[in-house]
Each structure stands twice: as structure tokens, then as C-alpha cells.
Novice: 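First, the structure itself, so that you have it in front of you.
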2 protein chains.
Amino acid sequence: MAVEPKRRAQLVEATIHEIGATGSLNVTVSQIAKRAGVSSALAFHYFGDKEQIFLAAMRSILTVYAAEVRGALTAADGPRARLEGMVRASFSASNFRRDAIAAWLNFYVLARTSDEACRLLSVYQRRLRSNLVHDLRPLAGDAAPALAERLGGLIDGLYLRHALDPATDADGQAAAAQVLTALDHELKALAR
Amino acid sequence: MAVEPKRRAQLVEATIHEIGATGSLNVTVSQIAKRAGVSSALAFHYFGDKEQIFLAAMRSILTVYAAEVRGALTAADGPRARLEGMVRASFSASNFRRDAIAAWLNFYVLARTSDEACRLLSVYQRRLRSNLVHDLRPLAGDAAPALAERLGGLIDGLYLRHALDPATDADGQAAAAQVLTALDHELKALAR
DNA sequence: CGGGTTTGATTGACCCGTCAATCAAGTTTC
DNA sequence: GAAACTTGATTGACGGGTCAATCAAACCCG
């Protein structure tokens, strides 16, 4: 009993790791299963087919991310602090792992062929946007929606750029700082 | 005579188109060849292997883009105008085609496994960055490099976001406007 | 010019490895 | 002992890459 969720978790983690290592979705179920220490048949037993495995991995990453943002939001007070928390969470250590970034990038690709993947990604974007707008409103008023668009785009863009660089690690911080700088400048410009 | 370059061009275009249609690099050489109206063996004859076909497609896109930027730069005068030209070129009709965006996204994925693809992408990023810094310098002084990083990230991010949206077409213009707005706000903030 | 030869263009058929998915049988667990 | 769990073996399809062979145009030589 209760072995099932454990196996599922193992397989999901192995999937993310393997996608990170390969850098693409060209990952065989056997590779995933081997890394998880089980047979490929078991993966099919639990998930049905390969796409479900990928989707489960994607949900896992999104769930972790969402939890991180939620934590940062409740810990902060005032719109500015909340925005900062959001941004920092986006570039936090667990989201900025090499394999997580690679997986993330590949989920964008997956979204082009899988409706469900597209849906999941849309949920992420809508939530990010909604969070940003909510806390930008008191600071930027009517400019909030457009500004949120820019900040969201900047976050995604910096993320994407770090998906390449094989050298840079550890600078989720630098990226987060860039976003916050952009935010400050935008607000300052607005104030005059 | 001169039939070879024609075939190569056909195959390259077919590759981009096919990647755009599939939304991934899971494209068989046969599919590409069929769309180009030749046999798969011919594709291998000219390009050697599949990766070379992809790389040729990538170079093609980058070349078109570079030409467009160059054109915009010579037509503009003054740093501000040149920056605007650069941004507009990035979101111009030929770069913002559905299949070009999809191909672009997938080249990021390819770059994770192909050194040459990674190199090509780096060249693009360096050139963009260098262009931006060059024309930002007179406007932003020492803040130019960091600002260029943000603008470049924003461009990539907006590009990425439009790689998903199946609905949105035609708004290269809107995206370009967002980048220019960000630029204006940044400069205004800098002016204090 | 006109037959013969080289050279590039092009193909269909084929080989071989890989991989998703299945299945029947074995093992654990309660 | 049955239900859940797990596996190795197998299969059927598919795709990259090769090869031997055709085709056509250009080139050469008398």
C-alpha cells in the first residue's frame, strides 16, 4: 500500500531530471524508468502513456512553483514587498535548477502539440499576470495591466536566456534583481 | 547548374515550415523532403545528416533577421531612432511568422544538444546586446549594459509568449510597442 | 556536327537500431 | 490466497541513414 504515490513521485522526479540531462523531450520511457529504479512497464502501468508522464512532471513543477509564490506572498506585506516576493520566488533555487529550466523550456514545446500542456501553461501565465496586476494596481493605477505584461515578459525572457548559458548557475538572484530594477524604473517614470 | 542552391533553399524553407506545423523538432526528413518535393535521399545527399538540415534552417532565419536589423539601422538616424528600428525589426512580419517563432523556440531546445546551434544562438544574443549597448550608451551612459540586458530579455520573453498563443497574430506591433514603452520609462527614470 | 564519356542530380528499396506499448508470468503484501 | 505490485521478454511500427542504379545535361574529340 501507499507504494503507488511513492513510485509516481520517483518517476516524476526522474522525468524532470532526465529531461534536464538530455535537454529535450527525446527521452525514452526506459531511461526514465531506469533512473527511477523501476522497469519501464511500471511507468506505463501507472501513467498509461508517455504524454501523461510528461504532464505529471509539468504539473509537479508548476505545483512547486505555485507553493513557493504563495509562501512568499503571505510572508510579505504591502504591494511592493509582495511583488518582490513574487519575483524572487520565480527565480528561487528550486525553480532555477538546471533541469527545471530545461524541463520548463521543453514544456513550452510540448504545449504546441498537447492541449493539456497548453492549458497548464496558460494557467501559469494567467496566475502570474493576475498576481502582478493585483499588486501593481495600487502602485501604478491604470498602467498596471500593461506594466504587468512587460514584467511577466521580462521574467520569462530572463528565464529563457538562462536556459542556454551552460556556465551561469546561482544567479537567480541577479535575474531577480534585474526584474526589480525594471520595476523600480517603471514606477519612477510613472511618478513624474 | 545552379540547381543545388535552389534545392537547398527549398529544403530549408520546407524545414522551417514543417517545424512550424509540427511545433517541434520531431520532424522526419521524409516529411521535409516531401514538402520540398524531393526525395529524402536528396536531403541527405546535400546536407549530410538531419542536424545539418536543422542548422541550415536556423542560419537562414538568423540571416533574414540580421539583414532586417541592418536595414533598419542604416535607415535610422540618431540613437533613439536606431533603437526603435532594431526593436521593430525584431518583431517584423517576417520574423513574427507563426512557423518562424515555432522554429526559433525549437532552436533553443536544439542548442542544448548541439554545440553549433548553441554557437549560432550566442552570436545572435551577442550581436543584439552589442547593438543595444552601442545606441543606449549616449542615452543611458553607464546604465547602458544592464539596461540592454533587460531590453534583450524583454524582447526574448515577449517572443516566447507569442510562441504559445494560438490566437494572436499580427501583433508584432503591439509587442514592439511594449518594448519601446519600457525603454521610454527606463530612460525617463534615469533622467531622474 | 555526333558519338562517347564524365559528372551531377535524383531516386526507390533496403538495413538496422530504437522505442512505445503490451503481456504473461513472477513476487510481495496483507 | 487474492490483490496489488513488478518485471523481462516481445512486438510492431517507425525513422535515420546507405546504396546501387537511373537520368540528364554538359563536355570532349575527331
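Sequence lines set the chain letters: A, B, ... in the order given, protein chains first and strands last, and positions in each chain run from 1. Computed from heavy atoms alone, side chains included, the values below leave out hydrogens, waters and symmetry copies.
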Novice: Return the 5'-most residue of the pair Val27(A), Ala41(A) with respect to DNA chain C, ranking by each residue's nearest nucleotide.
Specialist: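 Residue closer to the 5' terminus by nearest nucleotide: Val27(A).
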Novice: Taking any heavy-atom pair under 4.0 Å as a contact, classify Thr28(A): base, sugar-phosphate, or nothing.
Specialist: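 The answer is sugar-phosphate, as Thr28(A) gets under 4.0 Å only of primed atoms, P, OP1 or OP2.
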Novice: Rounding to an integer number of Å, can you tell me how far Glu18(A) CD sits from dC19(C) P?
Specialist: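 So the CD-P distance, Glu18(A) to dC19(C), works out to 11 Å.
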Novice: To the nearest Å, how far apart are Leu42(A) CG and dA9(D) C1'?
Specialist: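 Between C1' of dA9(D) and CG of Leu42(A): 16 Å.
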Novice: In whole angstrom, what separates Ile53(A)'s CD1 from dC19(C)'s C1'?
Specialist: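 Ile53(A) atom CD1 is separated from dC19(C) atom C1' by 13 Å.
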Novice: If you measure from the Lys or Arg side-chain nitrogens to the Asp or Glu carboxylate oxygens, is any gap between Arg82(B) and Asp77(B) under 4.0 Å?
Specialist: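 Result for this pair is no, no salt bridge flagged.
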Novice: Counting only side-chain nitrogens and oxygens, does Arg7(B) get under 4.0 Å of the OP1 or OP2 atom of dT10(C)?
Specialist: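 Yes, because at least one side-chain N or O of Arg7(B) sits under 4.0 Å from OP1 or OP2 of dT10(C).
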Novice: Quickly work out the His45(A) NE2 to dT28(C) C1' distance and round it to whole Å.
Specialist: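 Those two atoms, NE2 and C1', are 14 Å apart.
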Novice: Taking atom P of dA21(C) as reference, at what distance in whole Å does atom CZ of Phe54(A) sit?
Specialist: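 Roughly 10 Å, once rounded to whole Å.
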Novice: Take the protein atom CD of Gln31(B) and the nucleotide atom P of dC14(D), then report the distance between them rounded to whole Å.
Specialist: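 About 12 Å, once rounded to whole Å.
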Novice: Students often get this wrong, so: under 4.0 angstrom with heavy atoms, is Phe47(B) touching a base, only sugar-phosphate, or nothing?
Specialist: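 No contact at all - Phe47(B) keeps every heavy atom at 4.0 Å or more from the nucleic acid.
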Novice: Rounded to the Å, how far apart are Lys50(A) NZ and dC19(C) C1'?
Specialist: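 Going from NZ in Lys50(A) over to C1' in dC19(C) covers 8 Å.
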Novice: Applying salt bridge (Lys or Arg N to Asp or Glu O under 4.0 Å) to Glu116(B) and Arg59(B), what does each step give before you reach the verdict?
Specialist: CA-CA 10 Å; Glu116(B) 180 64 5; Arg59(B) 282 193 206 95; 3.5 Å; yes
Novice: Hey, is the side chain of Tyr46(B) poking within less than 4.0 Å of OP1 or OP2 on dG8(C), counting only N and O atoms?
Specialist: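 No, no such contact exists.
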Novice: Around atom NE2 of His185(B), are there more than 12 heavy atoms of other residues, nucleotides or ligands at under 6.0 Å?
Specialist: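 Yes, the 6.0 Å shell around NE2 holds more than 12 heavy atoms from other groups.
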Novice: Run the salt-bridge test on Arg80(B) and Asp184(B) with the 4.0 Å N-O cut-off and return the result as yes or no.
Specialist: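 Looking at Arg80(B) and Asp184(B), the cut-off is met.
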Novice: Rounded to whole angstroms, how far apart are CD on Gln10(A) and P on dC5(D)?
Specialist: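 Distance, rounded to whole Å: 13 Å.
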Novice: Would you call Glu13(B)-Arg35(B) a salt bridge at under 4.0 Å N-O?
Specialist: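 Not counted as a salt bridge, because no side-chain N and carboxylate O are separated by less than 4.0 Å.
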Novice: If you check the Val29(B) side chain, which of dT22(C), dG16(D), dT11(C) turns out closest?
Specialist: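 From the listed options, dG16(D) comes nearest.
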